A.B. asks: 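Got a structure for you, written out below as structure tokens; questions coming shortly.
As the structure is a computational prediction, the values presented were derived from the model and not from experiment.
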Amino acid sequence: NEKDIVTGQKMTFGAGEDTKMQFDPRAQVNIISPGNINHKVLGDYKLASLGCVSLFALGGAGTLVKNRAVGMSVSTKTKFAAGGTSATDLVSTGFTTVKGTAGVKIDSVAGIEIGADANVDITSVGNTSIVSGGLTEVDSTGVVDIKGTTVNIDGTTAVKITGALIYLN
């Protein structure tokens, strides 16, 4: 067992490489600090694990991170990608917002499913367009309302309206 007690700054300077190798699967590396931990890397930064990776932030007080509006943030000045080869989940026990200042696009080569145990609201201050290359269905066990200052129904071959009672005006 080896123990170093440092009461000030401990600095290593130079272009060397610092490598730690432990072959016992019970081995651990622990960094425990009541202060901040700061990594500044001028090159690439890669973190790999054969096990799971868990990052957790309590979002409490601190002095290193200046923007404390959120408990954890990940950002880049270029494109950002996150995903898994099996599945990707964005999970929250609170409200979840997906926000883009230049827009948000949801794209999939397979199907896209949107579901909720409560209401689903689609709202736009601009135009709203639903385009389909095949069958488009609106199915409800309740009333379906279509409202507008002008409502146009156009069928290039036919328009069918079916109902037990059809009210006009």
A.B. asks: Report yes if some heavy atom in the side chain of V98 is under 4.5 Å from a heavy atom in the side chain of L90; otherwise report no.
C.D. replies: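 Contact flag for V98/L90 side chains = yes.
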A.B. asks: Would you confirm whether R68, through its side chain, and G60, through its main-chain N or O, come within 3.5 Å as a donor-acceptor pair?
C.D. replies: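 Pair found, side chain donor or acceptor close to backbone of G60.
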A.B. asks: Please check if atom CG in L64 has more than 12 non-hydrogen atoms from other residues, nucleotides or ligands closer than 6.0 Å.
C.D. replies: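 Counting neighbours around CG of L64, more than 12 heavy atoms of other residues, nucleotides or ligands fall under 6.0 Å, so yes.
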A.B. asks: Indicate the atoms forming the closest heavy-atom contact of K99 with V104, along with that distance.
C.D. replies: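 Shortest heavy-atom contact: C-CG2, 4.0 Å.
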A.B. asks: Under 3.5 Å, side chain of N119 to main-chain N/O of D121, donor-acceptor pair present?
C.D. replies: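 Not a single qualifying donor-acceptor pair exists.
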A.B. asks: Walk me through whether D44 and K46 qualify under side-chain contact (heavy atoms from CB on, under 4.5 Å).
C.D. replies: CA-CA 7 Å; D44 291 342; K46 182 177 181 180; over 6 Å; no
A.B. asks: Which heavy atom of S124 sits nearest a heavy atom of G126, and at what distance?
C.D. replies: OG-N, 3.0 Å
A.B. asks: Grab the two heavy atoms, one from D154 and one from V159, that are nearest each other, plus how far apart they are.
C.D. replies: C-CG2, 4.4 Å
A.B. asks: Indicate the atoms forming the closest heavy-atom contact of Q22 with A27, along with that distance.
C.D. replies: OE1-CB, 2.9 Å
A.B. asks: Of all the heavy-atom pairs spanning K79 and T76, show the shortest one and how long it is.
C.D. replies: O-CG2, 3.6 Å
A.B. asks: As an exercise, state the distance from OG1 of T7 to CD1 of I5, rounded to the nearest 0.5 Å.
C.D. replies: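 The OG1 atom of T7 sits 9.0 Å away from the CD1 atom of I5.
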A.B. asks: Could you tell me the separation between the OG atom of S108 and the CD atom of E113, rounded to the nearest 0.5 Å?
C.D. replies: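 Nearest 0.5 Å value for the OG-CD distance: 11.5 Å.
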A.B. asks: Count the heavy atoms of every other residue, nucleotide or ligand shown that sit under 6.0 Å from CG of N30, and state whether that count exceeds 12.
C.D. replies: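 Yes - once you tally the heavy atoms of other residues, nucleotides and ligands closer than 6.0 Å, there are more than 12.
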A.B. asks: If you apply the rule side-chain contact (heavy atoms from CB on, under 4.5 Å), what do you find for D18 with T12, and how did you get there?
C.D. replies: CA-CA 10 Å; D18 187 12; T12 303; over 6 Å; no
A.B. asks: How long is the span from the CG atom in D145 to the OG atom in S140, to the nearest 0.5 Å?
C.D. replies: 9.5 Å
A.B. asks: Other residues, nucleotides and ligands only: do more than 12 of their heavy atoms fall within 6.0 Å of CD1 on I166?
C.D. replies: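 Atom CD1 in I166 is packed in, count exceeds 12.
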A.B. asks: Between atom CD1 of I112 and atom CD1 of I114, what is the distance when rounded to the nearest 0.5 Å?
C.D. replies: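 So the gap between those two atoms works out to 7.0 Å.
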A.B. asks: Looking only at heavy atoms, what is the nearest atom pair of H39 and Y45, with distance?
C.D. replies: ND1-OH, 3.3 Å
A.B. asks: Using a 6.0 Å cut-off, check whether atom CG of D117 has over 12 heavy atoms from anything other than its own residue.
C.D. replies: no
